[in-house]
Amino acid sequence: MPSRPDSGLHLAGTGVHLPARILTNQDLEKLVETSDEWIMTRTGIKERRIASEEETSTHMGVVAAKQALTNAKLKASDLDLILVATVTPDSFFPSTACRISAELGASGCPAFDLQAACSGFLYGLILADQFIRAGTTKNILLVGTERLSSVVDWRDRNTCVLFGDGAGAVVVRAEPGRRGLLAFDWGAEGSSGELLHLRNPQAAGKALSAPSPGSPDCIVMAGKEIFKQAVTAMADSARRTMEKAGVRLEDIRCVISHQANIRIIDALVEKLKFPREHCFVNVHRYGNMSAACIPVALHEAGAEMKLQPGDKVLLVAFGGGLTWASAILEW
Ligand code: UT7
């Protein structure tokens, strides 16, 4: 259904699904040579959620999407577009977006996945904003869903302590008179992609030969280098977005950044000279859920940060690709 061309994006509803199984740092001490003290001081993560066999990326996305639709007071049949950001799709195709659409009963609604790793949700929000501004689309479901426990090497202490599973969803609506995203910035540096990657073992297989047995590849990360690039790229992107929007730091009510490591978040707010108490943090509860981090944070931040309509929220992310993005959303 088309929207009016003077309409802007409004965050109409949010939802989450977080698996019930909690894996604590103490549990990890039994798996690899690590300690609660090391994980807490180096990352700020206390625990993370681990999906059960039934909790696929699709399943978690569907639960989050239904909650977001209920909160937005909309039905699946009201949707004009379904976007899903994930690096852990249940299949290469059909896309996770098509699978979620089928379970929601959103017959005929266009649906596709987008992949920008931890920046995926913000890339999706920027796309949704473009469709709404163009006046072509009214109600959009945007989901970030990840089952990272399936692609983590549980013998590698450098990575296995960092990641968790979960999904977050938002329904955005075109509303007349709304300004939508005040500004955004996004980018990618493919030449540095090897610093954080997850190989597709099938892609390397020989054509016309049977697939070779063996386990799928796992996340590989040059942690220290990614840390430095994340802080610089997110700070630079946030500054560009504020400049484009003509918004000063003191006008920002809350910063919601990708939740990879508390030290990255601290370094980011210090670089931006932003008051730490206005920065939303939930990395201690869930660890890094890639594309699901920002929608889960959006769901929780409204109540925890007491956000009011009109508040300006700075969203910023960085991840594999390498990719980054930032945007200012009016609550
Ligand atoms: O979503 C975007 C992608 N991800 C990120 O943004 C994550 C970016 N990177 C990071 O968060 C940090 O670099 C890490 C948390 C991954 C690592 O922290 P670090 O301060 O950079 O530690 P490090 O890699 O320099 O390792 C320091 C030491 C090493 O021992 P040696 O070589 O100094 O003897 C590691 O082997 O800590 C050791 N180490 C551990 N020790 C206990 C690494 N992982 C662990 C562990 N437990 N889990």
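Read the numbers this way: they start at 1 and go in the same order the structure lists the ligands and their atoms. Sequential numbering from 1 along the given sequence is applied to the chain's residues.
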Practice task
Go through the structure and list residues passing side chain to side chain donor-acceptor pair (under 3.5 Å) with Ser52, not counting sequence neighbours.
Solution key: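 Listed in chain order: Glu54, Glu55.
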
| said: With side-chain hydrogen bond (donor to acceptor under 3.5 Å, both in side chains) as the test, pick out the partner of Asn288 among His258, Arg48, Gln259. | reply: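 Testing each of His258, Arg48, Gln259 against Asn288, the sole residue satisfying side-chain hydrogen bond (donor to acceptor under 3.5 Å, both in side chains) is His258.
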
Residues passing the ring pair (Phe, Tyr, Trp, His ring centres under 6.0 Å) test with Trp331, sequence neighbours excluded, are none

Atom pairs, nitrogen or oxygen, ligand 1 to protein, under 3.5 angstrom:
from: ligand 1; atom 1: 1 (O); to: His258; atom 2: NE2; distance (Å): 2.9
from: ligand 1; atom 1: 1 (O); to: Asn288; atom 2: ND2; distance (Å): 2.8
from: ligand 1; atom 1: 9 (N); to: Gly223; atom 2: O; distance (Å): 3.0
from: ligand 1; atom 1: 11 (O); to: Asn261; atom 2: ND2; distance (Å): 2.7
from: ligand 1; atom 1: 13 (O); to: Gly223; atom 2: O; distance (Å): 3.2
from: ligand 1; atom 1: 20 (O); to: Arg42; atom 2: NE; distance (Å): 3.2
from: ligand 1; atom 1: 20 (O); to: Arg42; atom 2: NH2; distance (Å): 2.6
from: ligand 1; atom 1: 20 (O); to: Arg263; atom 2: NH1; distance (Å): 3.3
from: ligand 1; atom 1: 20 (O); to: Arg263; atom 2: NH2; distance (Å): 3.4
from: ligand 1; atom 1: 25 (O); to: Lys224; atom 2: NZ; distance (Å): 2.8
from: ligand 1; atom 1: 36 (O); to: Arg157; atom 2: NH2; distance (Å): 3.0
from: ligand 1; atom 1: 37 (O); to: Trp38; atom 2: NE1; distance (Å): 3.3
from: ligand 1; atom 1: 41 (N); to: Trp38; atom 2: NE1; distance (Å): 3.4
from: ligand 1; atom 1: 41 (N); to: Arg157; atom 2: NH1; distance (Å): 3.4
from: ligand 1; atom 1: 47 (N); to: Thr34; atom 2: OG1; distance (Å): 2.6
from: ligand 1; atom 1: 48 (N); to: Thr34; atom 2: OG1; distance (Å): 3.1
from: ligand 1; atom 1: 48 (N); to: Arg157; atom 2: O; distance (Å): 3.0

Given the options Asp217, Val87, Leu198, Val151 meets side-chain contact (heavy atoms from CB on, under 4.5 Å) only with Leu198

Would you please say whether a donor-acceptor pair under 3.5 Å links the side chains of Glu47 and Thr24?
-> no

Connected to Val84, directly or through other members, by ILVMFWY side-chain contacts below 4.5 Å are Val62, Leu69, Leu74, Leu79, Ile82, Ile100, Leu104, Leu141, Val143, Val171

